Amino acid sequence: MNLHRSIECNIHVEFKHRVFFTSQLFLQSNPILRKILVDKDERLHQLLVIVDEAVTKTNPSLVVSITQYFQKSSSNIKLVAPPILLPGGEAEKSNYSRVKELYSLIQEYGLCRHSYILGIGGGALLDLIGFAAATAHRGIRHIRVPTTTLSQGDASVGIKNSVNLFGKKNFIGTFAPPFAVINDSEFLRTLPRRYKRSGYSEAVKVALIRDASFFEYIEQQADHLHDCDDAVIQQVIRRCAELHVQHISTSGDPYELGSARPLDFGHWSAHKLEQLSSFRITHGEAVAFGIALDTMYSAKKGWLTEKDADRVLQLLSRLGFPLFYEEALIQDQTGSPEILNGLKEFREHLGGKLTITQLKGIGKGFEVHDMDAQLLMTTLEALRTYSQKIFVPA
Ligand SMILES: NC(=O)c1ccc[n+]([C@@H]2O[C@H](COP(=O)([O-])OP(=O)(O)OC[C@H]3O[C@@H](n4cnc5c(N)ncnc54)[C@H](O)[C@@H]3O)[C@@H](O)[C@H]2O)c1
Ligand SMILES: [Zn+2]
């Protein structure tokens, strides 16, 4: 036998990715969660529920409803403890001790790979819970119940999780498909306006790279979205989630092993801006800035018409997004804008060749492998001037 002969085989792992849409998930008469949790083997499964503190503040009866839901309705599900409350938001996603706290709970309650961790909250907390669930015991079943516009349309319908480290976004994390995602429209009612609107930028993003008719829909509904009309928000979340899931399931690269990352259009500068603002600027707001910058850059390069670029910037403003932040002018040691270092960090995070999505039309993203630093600086200045002239409704 040749002992130096290598062993090689292909391993295929298939999984079902499910995003449910409902309202009032913990009403006794709502069967969705019960159906998701029922396992054919009928053994007892443990369940730990973690809730974003902000959600319980605005929904004071939530904890009781969750407890009652499981007391009354489940034979093979054991809620191991009353729902655990944790603070949400980006600062917590940057606080690694929260991950350890979750590991301690998993250990204390003896959760195993057949147990469930159900997280309810904004994208930041769900990213953190998802990371802890994916890594403890190499993976515990994880159910996500996102409670913000952004997380229902984008952050939580994907298969990634992460926490921030070294001040860098998503420095640690895994690709781990959740057991299920459940979007409950009722949670959005209590969301402050700023966070309701914050998620619109991800919808504009995915429309710009994939779906011109969705972009037109957002344009037509911009005033209603600005006023946070619930029915329109639901339509936008639905289409946004659909487009994200479609990409994950059909792009051929769900684990992002290649260099392309079209769903991160506008994100190279957005992530850096969040960091430069010490997370004062929300992810959604930073993405709106990032979209505006890359849109203007695409126009300056001649890939996109000035008219289309103007449509994009006007839409972002009508939705209530500022197009520029002074943090974007912070300089690095060499005297150039620190924000441009976002390009290097973006490539470093993904590996491979620098690959940035740009626009050659509304609904038409394409990839470039080189960004002109001088032109980016001019674009940054031009965006600043543009933003001073444009009216952003309050
Ligand atoms: N994993 C992914 O693929 C992915 C994709 C996009 C974005 N993200 C991440 O998602 C995060 C942003 O998520 P977000 O926009 O949901 O922000 P967030 O999680 O920071 O939530 C915003 C604020 O609203 C509070 N909150 C949440 N739900 C509420 C409710 N119903 N009522 C009242 N308050 C509520 C939170 O406690 C927080 O203070 C970022 O960290 C971003 O990087 C992840
Ligand atoms: Zn994003």
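Since we're looking at a predicted model, the values are computed, not measured. All ligand and atom numbering here is 1-based and tracks the order in the structure.
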Which of the ligand 1 atoms, numbered from 1, are nearer than 4.0 Å to a heavy atom of G88: 37 (O)
Per-atom contacts, ligand 1 versus V55 - under 4.0 Å to a heavy atom: 28 (N), 29 (C), 30 (C)
Ligand 1 to A124 polar contact by distance, N or O atoms, under 3.5 Å: yes
Contact atoms of ligand 1, heavy-atom distance to F187 under 4.0 Å: 31 (N)
Aromatic ring pairing F179/Y116, orientation class (parallel under 30°, perpendicular over 60°, tilted between): perpendicular
Pair R318 + E219, salt bridge at N-O below 4.0 Å: no
N170 and K160: side chain donor to acceptor below 3.5 Å: no
Option whose closest heavy atom lies nearest to atom 16 (O) of ligand 1, chosen from T148, N164, L128, D127: T148
Close-contact set for ligand 1 against T58 heavy atoms, below 4.0 Å: 32 (N), 33 (C)
Proximal candidate to atom 14 (P) of ligand 1 [heavy atom criterion; set P146, A286, S151, G123]: G123
Contact partition for E53 relative to ligand 1, non-hydrogen atoms under 4.0 Å: neither
Contact (N/O only, under 3.5 Å) between G121 and ligand 1: no
K160 contact mode with ligand 1 (heavy-atom cut-off under 4.0 Å): both
Sidechain N-carboxylate O distance under 4.0 Å for R384, E326: yes
Lys/Arg N to Asp/Glu carboxylate O, D370 vs K353, below 4.0 Å: no
In the protein, N/O/S atoms that are found under 2.8 Å from the Zn ion (ligand 2), waters not counted: E202 OE2, H267 NE2, H283 NE2
R280/E274 salt bridge by N-O under 4.0 Å criterion: no
Taking atom 37 (O) of ligand 1 as the reference point, the nearest protein heavy atom with its distance: D52 OD1, 2.7 Å
Protein contact to atom 25 (C) of ligand 1 [nearest heavy atom, distance to 0.1 Å]: A54 CB, 3.8 Å
L150, portion touching ligand 1 at heavy-atom distance under 4.0 Å: side chain
Ligand 1 atoms in contact with K169 (distance to a heavy atom under 4.0 Å): 40 (C), 41 (O), 42 (C), 43 (O)
Short side-chain donor-acceptor distance under 3.5 Å, T190 and T58: yes
R311 with D308: basic N within carboxylate O range, under 4.0 Å: yes
Close N or O approach (E90, ligand 1; < 3.5 Å): yes
Any side-chain donor near an acceptor of the partner, E90 and N164, under 3.5 Å: yes
Short side-chain donor-acceptor distance under 3.5 Å, N95 and S97: yes
Atoms in ligand 1 flagged as close to D154, the criterion being non-hydrogen separation under 4.0 Å: 5 (C), 6 (C)
Any residue meeting side chain to side chain donor-acceptor pair (under 3.5 Å) with E101, in chain and number order, not counting sequence neighbours: R98
Proximity of L191 to ligand 1 by residue part, where a heavy atom lies under 4.0 Å: both
Proximity of K57 to ligand 1 by residue part, where a heavy atom lies under 4.0 Å: neither
SB check D154 K205 (cutoff 4.0 Å): yes
Mutual orientation of the aromatic rings belonging to H114 and H45 [parallel < 30°, tilted 30-60°, perpendicular > 60°]: parallel
Per-atom contacts of ligand 1 with K93, taking only distances under 4.0 Å to non-hydrogen atoms: 9 (C), 40 (C), 41 (O), 42 (C), 43 (O)
Per-residue contact class, P192 against ligand 1 - non-hydrogen pairs under 4.0 Å: side chain
S277 and E327 side chains, donor-acceptor separation under 3.5 Å: no
No-hydrogen, no-angle side-chain donor-acceptor test under 3.5 Å, Y103 and T135: yes
Identity and distance of the protein heavy atom lying nearest atom 20 (O) of ligand 1: G89 CA, 3.3 Å
Any side-chain donor near an acceptor of the partner, S298 and T295, under 3.5 Å: no
Partner of T22 by side chain to side chain contact (heavy atoms under 4.5 Å, CB included), out of L33, L27, I32: I32
Ligand 1 versus T190: contacting region, heavy-atom distance under 4.0 Å: both
Ring geometry between H271 and H267 (parallel below 30°, tilted from 30 to 60°, perpendicular above 60°): perpendicular
For atom 24 (O) of ligand 1, the protein heavy atom that lies nearest, with its residue and separation: Y195 CD1, 3.9 Å
For atom 7 (C) of ligand 1, the protein heavy atom that lies nearest, with its residue and separation: A155 CB, 3.5 Å
Identity and distance of the protein heavy atom lying nearest atom 28 (N) of ligand 1: T147 OG1, 2.7 Å
